Structures are given as structure tokens and as C-alpha cells.
J.: 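Sending over a structure as C-alpha cells; questions will come in a sec.
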Amino acid sequence: MNLLAPVRRDRVLAELPQCLRKEAALHVHKDFHPRVTGACQEHRTGTVGFKISKVIVVGDLSVGKTCLINSQSIWYPFRFCKDTFDKNYKATIGVDFEMERFEVLGVPFSLQLWDTAGQERFKCIASTYYRGAQAIIIVFNLNDVASLEHTNPLMSTVCGRQWLADALKENDPSSVLLFLVGSKKDLSTPAQYVLMEKDALRVAQEMKAEYWAVSSLTGENVREFFFRVAALTFEANVLAELEKSGVRRIGDVVRINSDDNNLYQTASKKKSTCCP
Ligand SMILES: Nc1nc2c(ncn2[C@@H]2O[C@H](COP(=O)(O)OP(=O)(O)OP(=O)(O)O)[C@@H](O)[C@H]2O)c(=O)[nH]1
Ligand SMILES: [Mg+2]
């Protein structure tokens, strides 16, 4: 991939994409953090534009991780080789990754999406790639309650599906962004969906993840979801960069309150040594 190539016009984010459900969102602000907007306007984003942010996708086997990453609704027409939905299940062996480029508030931003295997026998390969993730996408099948239960790190350890516990172990839980994604929404009736969503929202709140429900077959919410991942990962990166470089101005305090769930808090946890 040529990092200097211009970003496709439909990958340019000038506004913050909104969450799906306010009850389970990383934050519910309508706009990017003011410090982030300011930094972008003043070209003070440091290395963010040159770095590649790692996002790992985990979940039970066959929940639809690979289809989600390859879904044509997000990438079409730019990925001619992957413009059809694959109905045949082909297990991922180990890991695979895709690189995607965005432009957020005028700054180039690259995401590396790591697709891991759900099958236990390939997990030891996949787990070696967990380290250094800035976001973890945890996928479950909206039509399979067990796949939701397995997203609970405690439960997953008990039942032998340790992917989330392992992924969290390899990353800083205070800064990694979690997304809980229900897949195959096209297969649920509205009534079934409502029931499943109730449980999923509870699980997402417990794990402090942002909840999404998608269908890779119809494309419902896929594009919105990935744009949200890109935007929130970018925002967290810029805030971390500002903290690191100590650019915070006197009186420019990050406000923390219990409703500000929770990206803004994440940035403030990474304390700069020069700040009040
Ligand atoms: N109806 C429907 N089927 C889907 C959807 N997403 C995936 N599938 C089907 O579910 C099966 C598994 O999809 P994959 O994306 O390969 O699942 P995976 O999670 O990557 O599986 P592993 O690589 O083994 O971990 C395939 O037969 C897909 O066609 C969806 O949104 N709707
Ligand atoms: Mg797969």
C-alpha cells in the first residue's frame, strides 16, 4: 500500500460519526473532542498521521468476523476482488489483515484490521498478534446467545474460549477501545433482535464496550460502524499524542464526569508529567 496516495473521497471524515445506542457508547458527544479539533486545525497532531493503528477482531468461530472485515458495503467499489458476500464458511487459519486508510479532520489515518481465527486449534497463532492493539472488536452472532456469553472474559476462561482475556492481557485495558458487535442481524426477526439486544447492551456496559449490530450480508450499519471505529481510534490517538507531548495549556483541563463514558477519561488516565 502506498501511504502517500490520496485518501478516497468517501473515506474522508469531517464530522464525528455517531454511536448506535447511547446506553452503550464509548462516549456520546456529538463532535470530536475540542482539543482534537484544535490540534488538527493547528497541525499539532504529532505522529498520528504517520502511524498505523492496530485493531484486532476476535470472537467465536463462524460468528462472521471475516465477512464483516470484507463486507462490500464498506469497501465497495474500491475492492473489486472482494465485492461479493461469501456464503460459504471458510475458517480463518491463524490471522489475516487488511489495511485501510482514512482522512480524519484533514489528517491521514491508517487502520490495520487484524482478522483472527475463532477455531481453538488456530488460536495459539492468532494470540501472538494481539499485542499493541488500540481497539478490539469483539464479534458475536446475534442469533447465538452462547457466542455472546463467550465474550465475557471470566466466562470465556471457564469455558476455554480465552481470546478476549488473552487479548486484554496483551494490551493496556485502560486505553484500549472495546467494541461489542452483534453480527448477522439479517437472520433475526425484530422480536428476537429486541431480546438479544437487551442482553448485549448489558454485556457491553459491563465490559465498557460500545455496542453495534450489523449485517455483512445486507450491509446494515457496517460502514457506520467502521467509520466510528476509525474516528474514535483517531480521537484517542490525538489525545494521547497531546498528553505525551505536554501540549496541554494551563487551564485546558479535560473534564471528567460519570456521564462522559469514556474515551475522554481514557485520555486523561494517561497522565502527562507536566500537567497540573
Ligand atoms: N446471513 C448472514 N450470514 C453471515 C453474515 N456474516 C457471516 N455470515 C456467514 O457466516 C459464516 C461464517 O462467516 P465468517 O466470516 O467466515 O466467520 P468467522 O468469524 O470469520 O469464522 P472463523 O474464521 O472460523 O473464526 C459464513 O458462512 C458466512 O457466509 C451475515 O451478516 N449474515
Ligand atoms: Mg474468519
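Remember, it's 1-based here, ligands and their atoms both numbered in the order they're listed. This one's a predicted model, so the numbers in the text were calculated from it and none came from an experiment.
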J.: How does Thr66 reach ligand 1, by side chain, by backbone, by both or by neither, if only non-hydrogen atoms under 4.0 Å count?
T.: both

J.: Going by distance only, is there an N or O of Lys185 that falls short of 3.5 Å from an N or O of ligand 1?
T.: no

J.: For the residue pair Lys169 and Tyr130, would you count it as a cation-pi contact if the rule is NZ or CZ under 6.0 angstrom from the ring centre and within 45 degrees of the ring axis?
T.: no

J.: Check each atom of ligand 1 against the heavy atoms of Ser215 and keep those under 4.0 Å away; list them by number with element.
T.: 31 (O)

J.: Below 6.0 angstrom between ring centroids: does that apply to Phe234 and Phe109?
T.: yes

J.: Is it true that Glu241 and Lys51 make a salt bridge, defined as a side-chain N closer than 4.0 Å to a carboxylate O?
T.: yes

J.: Show me which atoms of ligand 1 lie under 4.0 Å from any heavy atom of Lys65.
T.: 15 (O), 17 (O), 18 (P), 19 (O), 20 (O), 21 (O), 22 (P), 25 (O)

J.: Going by distance only, is there an N or O of Leu68 that falls short of 3.5 Å from an N or O of ligand 1?
T.: no

J.: Find all atoms of ligand 1 within a distance of less than 4.0 Å from any non-hydrogen atom belonging to Leu187, and give their numbers and elements.
T.: 1 (N)

J.: Output the list of atoms in ligand 1 that are nearer than 4.0 Å to some heavy atom of Cys67, sorted by atom number.
T.: 6 (N), 7 (C), 13 (O), 15 (O), 28 (C)

J.: Are the side chain of Thr45 and the backbone N or O of Val238 linked by a donor-acceptor pair below 3.5 Å?
T.: no

J.: Report the distance from atom NZ of Lys65 to atom CZ of Phe140, rounding to the nearest 0.5 Å.
T.: 13.5 Å

J.: Can you sort out which atoms of ligand 1 are near Ala91, meaning under 4.0 Å from one of its heavy atoms?
T.: 23 (O), 24 (O)

J.: Would you mind listing which atoms of ligand 1 come within a distance below 4.0 Å of any non-hydrogen atom of Asp186?
T.: 1 (N), 2 (C), 30 (C), 31 (O), 32 (N)

J.: When rounded to the nearest 0.5 angstrom, what is the spacing between OG1 in Thr92 and CG in Asp115?
T.: 4.0 Å

J.: With side chain to side chain donor-acceptor pair (under 3.5 Å) as the criterion, how do Ser215 and Asp186 come out once you've worked through the C-alpha distance, each side chain's angles and the decisive distance to 0.1 Å?
T.: CA-CA 6 Å; Ser215 167; Asp186 57 285; 2.7 Å; yes

J.: So for ligand 1, is Val63 a polar contact partner (N or O within less than 3.5 Å, distance only)?
T.: yes

J.: Below 4.0 angstrom from a heavy atom of Leu217, which ligand 1 atoms are there? Numbered from 1 as shown, please.
T.: 1 (N), 30 (C), 31 (O), 32 (N)

J.: Taking Arg228 first and then Glu224, would you say they form a salt bridge - that is, a charged N and a carboxylate O separated by under 4.0 Å?
T.: no

J.: Could an N or O of ligand 1 be found under 3.5 Å from any N or O of Thr92, whether backbone or side chain?
T.: yes

J.: Closer than 4.0 angstrom, basic N to acidic O: yes or no for Lys22 and Glu210?
T.: no

J.: If you round to the nearest 0.5 Å, how far is CG of Leu148 from CG of Leu180?
T.: 6.5 Å

J.: Is there a nitrogen or oxygen of Gly118 sitting under 3.5 Å from a nitrogen or oxygen of ligand 1?
T.: yes

J.: When only distance counts, is Asp115 in polar contact with ligand 1, meaning an N/O pair under 3.5 Å?
T.: no

J.: Under 6.0 Å between ring centres, would you say that holds for Phe179 and Tyr211?
T.: no

J.: For ligand 1, which part of Ser183 has a heavy atom less than 4.0 Å away: the side chain, the backbone, both, or neither?
T.: neither

J.: If you have a sec, read the angle at the Mg ion (ligand 2) from Thr66 atom OG1 over to Thr92 atom OG1, to 10 degrees.
T.: 90°

J.: Could you list the atoms of ligand 1 found under 4.0 angstrom from a heavy atom of Ala117?
T.: 25 (O)

